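Computed from a prediction, not measured in an experiment: that's the story for all the values here.
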Amino acid sequence: MTTPEEFRTENEQRIVRAGELRSTIVRAQSWGQLFASSEEAQADLQKNLIDAWRFYYKKDDPSVKYTVEPHPDGDIHRVIMNKGHDTTYQRLHNGNVVLTFHSPNKPPDVKMIIPSIGNIDHPFAASDVVIPDDDVIDSILSGLESITAARLTLLFSHLKGKPATQGWEDTMLYNGYLPERIGHRLFPHYAVEELAKLREQFPQIAPKP
């Protein structure tokens, strides 16, 4: 059991470490540093944020609804997980993305995805964070001892990435991870680096051509 004093000490250490990591971040100044074209940016948003959330549970889940609403500032993509709970994505004309979480009896929770969130000074690309289907992951984990399997389960969960919002950058920094920016998402540095090493050990998790 952690005592209040131990918790305060750990919290202070985390804050200091987060500040150290934040000081090393090299930030993009424009969307052009992240995507070669507007079309590439839209495709990444659709595949890696919108569709990833639509298919979070099952691809054939009939309870998940998806609509696209035309809007003069940018189409609004709405993913409805269940009644009263939905998430919208709107890519504005300047490239910024408005991410909004809607819940019953609560004001909308609005987050912004902008180019300057996360570190871009790294060698990783979108292909470096492609992970295999769940059945391939399960087959790998089933042959490992429990401690190793638990570590890899956490690793693969981190490789799903998080929307590149200020909140997620702060969370990763607080947890001691440098948030690497790849497209519209953030990834803990350790996870991307470890996946590269795992691919040498498990060729079946290499990205498909």
Side-chain angles (χ1 to χ4, degrees), residues 22 25-104 106-131 157-173 177-189 191-192 207:
R22 195 186 303 277
I25 292 177
V26 177
R27 302 182 184 279
Q29 301 302 311
S30 69
W31 284 104
Q33 292 175 265
L34 295 164
F35 296 105
S37 66
S38 178
E39 291 76 18
E40 182 181 292
Q42 182 60 41
D44 180 80
L45 175 67
Q46 182 72 50
K47 176 183 178 182
N48 294 314
L49 284 187
I50 300 173
D51 287 349
W53 185 232
R54 289 174 63 194
F55 304 145
Y56 183 81
Y57 296 106
K58 292 182 179 179
K59 291 187 178 182
D60 59 351
D61 187 345
S63 69
V64 178
K65 308 297 182 184
Y66 172 59
T67 64
V68 181
E69 306 160 22
H71 191 283
D73 295 330
D75 292 347
I76 298 175
H77 298 254
R78 186 180 303 273
V79 179
I80 305 170
M81 304 301 288
N82 48 57
K83 189 174 182 180
H85 296 268
D86 59 285
T87 304
T88 59
Y89 303 82
Q90 182 183 28
R91 184 166 173 269
L92 305 176
H93 298 305
N94 64 2
N96 294 349
V97 175
V98 182
L99 173 59
T100 308
F101 301 95
H102 303 267
S103 300
K106 292 182 180 180
D109 182 12
V110 181
K111 309 292 185 184
M112 289 293 298
I113 299 176
I114 58 177
S116 60
I117 299 296
N119 181 58
I120 62 169
D121 186 22
H122 60 74
F124 307 115
S127 59
D128 294 311
V129 290
V130 174
I131 58 176
S157 70
H158 282 176
L159 285 164
K160 294 181 184 297
K162 293 295 183 182
T165 65
Q166 186 62 59
W168 274 114
E169 178 182 285
D170 292 342
T171 296
M172 288 190 186
L173 290 170
Y177 303 133
L178 183 64
E180 305 291 27
R181 177 65 180 265
I182 302 176
H184 287 95
R185 296 176 295 167
L186 297 177
F187 299 86
H189 176 87
V192 188

*Do E39 and Q42 get their side chains close enough for a donor-acceptor pair, meaning under 3.5 Å?*
no

*Which heavy atom of W31 sits nearest a heavy atom of I113, and at what distance?*
CZ2-O, 3.5 Å

_Once rounded to the nearest 0.5 Å, what's the spacing between atom NZ of K65 and atom CD1 of I80?_
8.5 Å

*Donor-acceptor contact below 3.5 Å, side chain E180 vs main chain F187*: no

*Minimum-distance pair of heavy atoms, taken over all atoms of D75 and H71*: OD1-N, 3.7 Å

*Distance from Q166 atom CD to T171 atom OG1, nearest 0.5 Å?*
10.0 Å

*Should I50 and L45 count as side-chain neighbours, where that means a heavy-atom distance under 4.5 Å?*
yes

*asked:* Show the nearest heavy-atom pair for residues A41 and H184, with the distance to one decimal.
replied: O-CE1, 3.1 Å

_Counting C-beta onward and ignoring hydrogens, is there a side-chain heavy-atom pair between W53 and M81 closer than 4.5 Å?_
yes

*asked:* If you apply the rule salt bridge (Lys or Arg N to Asp or Glu O under 4.0 Å), what do you find for R22 with D170, and how did you get there?
replied: CA-CA 9 Å; R22 195 186 303 277; D170 292 342; 3.3 Å; yes

*Of the non-hydrogen atoms in E169 and P179, which two are nearest, and what is the gap between them?*
CG-CG, 3.8 Å

*Can H189 and F124 be said to form a side chain to side chain contact (heavy atoms under 4.5 Å, CB included), step by step?*
CA-CA 10 Å; H189 176 87; F124 307 115; 3.9 Å; yes

*asked:* Counting C-beta onward and ignoring hydrogens, is there a side-chain heavy-atom pair between V98 and M112 closer than 4.5 Å?
replied: yes

*Should R181 and L186 count as side-chain neighbours, where that means a heavy-atom distance under 4.5 Å?*
yes

*asked:* Using only atom types and a distance under 3.5 Å, with no angle test, would you say the side chain of D128 pairs donor to acceptor with the backbone of V192?
replied: no

_Please report the interatomic distance CD1(I25) to CD1(I120), rounded to the nearest 0.5 Å._
11.0 Å

*Which heavy atom in N119 sits nearest to a heavy atom in H122, and how many Å separate them?*
O-CD2, 3.2 Å

_Between L178 and M172, does the side chain to side chain contact (heavy atoms under 4.5 Å, CB included) criterion hold? Intermediate values first, please._
CA-CA 7 Å; L178 183 64; M172 288 190 186; over 6 Å; no

*Atom OG in S30, atom CG in N94: separation rounded to 0.5 Å?*
11.5 Å

*Steps toward side chain to side chain contact (heavy atoms under 4.5 Å, CB included) verdict (Y177, H158)*: CA-CA 11 Å; Y177 303 133; H158 282 176; 3.7 Å; yes

*Gap separating the NZ atom of K162 from the CG atom of L49, nearest 0.5 angstrom*: 11.0 Å

*Which distance, rounded to the nearest 0.5 Å, do you find between the OG1 of T87 and the NE2 of H102?*
7.5 Å

_Minimum heavy-atom distance R54-V64, with the two atoms named_ = O-CG1, 3.7 Å

